Amino acid sequence: MRYRNATAYRFLTPYLLIFAVFWIWPIISSFLISFQATRTVPWRFAPTFNWGRLIGDSAFFNALKNTLLILVIQVPVMISLAIVMAVLLNSPLLKARGLYRFAFFAPVVVGEVAYSAVFRLMFSLDFGIVNKLLNSVGLPKVDWFSNVTPAMALIMIAVTWRWAGYNAIIILAGLQSIPEDVYEAATLDRVSKVKQFFHITLPLLKPVIVFCAVLSIIGTMQLFTEPFLITERGGPGGGTETLGLLLYRQGFRSLNFGYASAIAYTMAGLAIAITLVQLWLTREPK
Amino acid sequence: MAAVTLTNVVKRFGSFEVVHGADIDIADGEFVVFVGPSGCGKSTLLRMIAGLEDISGGKIAIGGKVVNDVEPADRGIAMVFQSYALYPHMTVEQNLSFGLRMNGNPKADTERRVKRAAEILCIDELMQRRPKQLSGGQRQRVAIGRAIVREPQVFLFDEPLSNLDAELRVQMRVEISRLHKELGVTMVYVTHDQTEAMTLADRIVVLKGGNVEQIGAPLDLYDDPANRFVAGFIGSPKMNFITAKVVETSNSAATVELINHGGARLRKPLCKALPAVGAEVVLGVRPEHFFEVGEGDCDIPVKADVAEHLGSVSYVYANAGAEELIVEREAARQRASGDHFTVSIKAERALLFDKTGARIR
């Protein structure tokens, strides 16, 4: 270390210490814990205990299936919706743009408990506005909380409502960075607006869309609030239990920290793997 | 190929009028340059010809057909943008062929047009590269190539060289000039650089504040400017302006006294109405029109502040009375900073402007 850097490191020391104690150490510690049987006293080193259980645990695979299902359906729908919202927000024809931008972003800042409670009310079987609307157009009521498919759809609707606007704002920033004269050149080339969208806008937005997708994949892999609060701890009968919820149940309800750590590392590994595959698929050609 | 005619063209943004009734006739195959300082409306005029801006009044005709309400793509024009406006995610080949492909042009014809453009611009080697892998000059060539493949009647250039370095600008200038000769199509070129205008144009349109100040061949504008603005804008270094007062008029001539030069007087023959005695006027003298003592009709002593020696010529930035003058000297007669010397003005090479800037002929 050069002498001239020493002062800077001295200033950084308090932060680095806190970072090491509260970030680095828990990451290492939880990895080590995943190799221990933690439901015995004292804990004992059992390298295959938790990881072995993971492979044969139907609850884990149920949670994994639910999480991946949400990932595969909700993330593309939400990103597509966010792109449409961003394009609308970017339209010069739109009046009161600031108001729409605020409205789209507002769900992110609404408290999770509050929004979950409102969603429970809105989708309530007998009193919810959604079922009343379905009835009013001649469709039957849906029991959103007692059947797995509607419950899963509800989780996806809720997550989409909450995060589509947030992604739209990010995509809007990307849209606004595309130079106007590229579109003017295309207009002179007699390229229709629709073709401009598919052949210019979307390819140029790719890095931003990939960024949003990566954020959404990580978020979905950790999904906890909605299945915990809206469908009441992953109900009905574990039908909406996600990996995040299973981790919580194992770690903080059953106090099985070793297994919870193994689940946590699996979630992180999956998120990294999916993200890497996605980055590889959407890489820039050389 | 097509002629372009602008008749009383007006452009307003809200209530703010930026082009105040431009009348410009561009002949078939002509190279016309719109030149003027920033904000003069030259790019707006070009964009109105392209159809990228609606016109607020007047008429624009291309090839004899009024195109006020014609879509940009149907005007038979192609435009080269200042920022190149290349599609960053496409290769050079894709950039060139994009418009044709999107419009279902036959593949063989598209390939022929792309190949021809690549050959004209010597970019055959770059076809598989993307814009970010190209230098500024190469990008500009691709942008021009994209215009060529459209086989337009009129090429529009919006300050295409302003992002290039000085050397590349000269090179591209020559290439655009060559291209005009090769293709023989009408070209309208916007620049704020009067050197580009002088070297490229068949005719120059000088604009200021949304008004056409003068239209003419480069040397006509240089030798015979309509007003003080054109006189000052065309020519580098710019024309010197010396404050003067009319002290006598007689026999189709006015004698002016150079106020800041110790009462030096110059008798300027005029062919039109003479200015009033006592009127404030401005004498315009180009840097190369200062002569040695005794060679002209009026001598002015000056002191060299700074001398720039460019090889074949030197420019002396001189102080004379309260006025700064730029004097061009041959290299052999170069002066050093601090030198005192006298320059002479010939009445026939000096121009006279009234207080409003209008030329007194």
Side-chain angles (χ1 to χ4, degrees), chain A residues 79-80 82-84 86-87 90-98 170-214 278-286, chain B residues 43 46-53 70-91 94-105 110 113 128-133 139 142-152 154-156 158-160 163:
Chain A
I79 299 285
S80 305
I83 293 169
V84 172
V87 169
N90 201 35
S91 166
L93 303 172
L94 186 73
K95 306 286 179 208
R97 188 172 306 168
I170 296 174
I171 293 168
L172 177 64
L175 266 181
Q176 289 175 342
S177 72
I178 301 175
E180 188 56 34
D181 53 16
V182 171
Y183 293 108
E184 289 180 344
T187 303
L188 290 174
D189 276 341
R190 205 197 304 272
V191 179
S192 68
K193 293 285 177 200
V194 174
K195 282 183 178 170
Q196 284 181 28
F197 176 76
F198 284 106
H199 292 276
I200 297 173
T201 307
L202 274 187
L204 293 183
L205 276 181
K206 198 170 84 176
V208 182
I209 294 172
V210 169
F211 173 74
C212 287
V214 168
Q278 196 205 7
L279 290 176
W280 184 77
L281 288 174
T282 55
R283 71 196 182 283
E284 283 290 320
K286 288 190 179 170
Chain B
S43 286
L46 192 81
R47 290 171 62 80
M48 285 195 283
I49 297 173
L52 296 173
E53 296 283 354
V70 175
E71 287 298 314
D74 299 325
R75 295 188 177 201
I77 54 102
M79 186 158 165
V80 178
F81 294 82
Q82 181 178 0
S83 60
Y84 320 127
L86 298 178
Y87 309 119
H89 55 296
M90 297 183 197
T91 63
Q94 289 165 337
N95 261 283
L96 295 182
S97 62
F98 180 63
L100 298 173
R101 280 186 287 119
M102 288 296 109
N103 290 291
N105 197 56
T110 303
R113 291 195 199 190
Q128 296 313 315
R129 292 201 204 164
R130 282 167 201 281
K132 69 179 175 190
Q133 297 167 313
R139 283 180 205 185
V142 177
I144 295 170
R146 196 171 56 183
I148 290 174
V149 297
R150 294 200 65 204
E151 297 183 350
V154 181
F155 276 84
L156 307 176
D158 189 6
E159 306 211 31
N163 289 342

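Treat the numbers as computed from the prediction; the structure is a model and nothing was measured. All chains are named by letter (A, B, ...) in the order of the sequence lines, taking the proteins before the strands, and each is independently numbered beginning at 1.
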B:Phe81 six-ring face occupied by B:Arg146 cation (under 6.0 Å, within 45°):
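No, B:Arg146 and B:Phe81 do not form such a contact.
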Side chains of B:Asn95 and B:Tyr84: do they bring a donor and an acceptor to under 3.5 Å?
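No, no side-chain donor-acceptor contact under 3.5 Å.
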Top of B:Val80, B:Asp158, B:Asp74 for chain A proximity - count of heavy-atom pairs under 4.5 angstrom
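Option with the greatest count: B:Asp74.
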Sort B:Leu100 into side chain, backbone, both or neither according to what part of it lies under 4.5 angstrom from a heavy atom of chain A.
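Looking at B:Leu100, nothing touches chain A.
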By a 4.5 Å heavy-atom criterion (distance strictly below it), what part of B:Arg129 contacts chain A: side chain, backbone, both, or neither?
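For B:Arg129, no heavy atom lies under 4.5 Å from chain A.
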When rounded to the nearest 0.5 angstrom, what distance separates CG in B:Leu86 from CG in A:Asp181?
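It comes to 9.5 Å.
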Can you see which heavy atom on B:Pro152 is nearest to which on B:Ile77, and at what distance?
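Closest approach of B:Pro152 to B:Ile77, heavy atoms only: CB-C, 3.7 Å.
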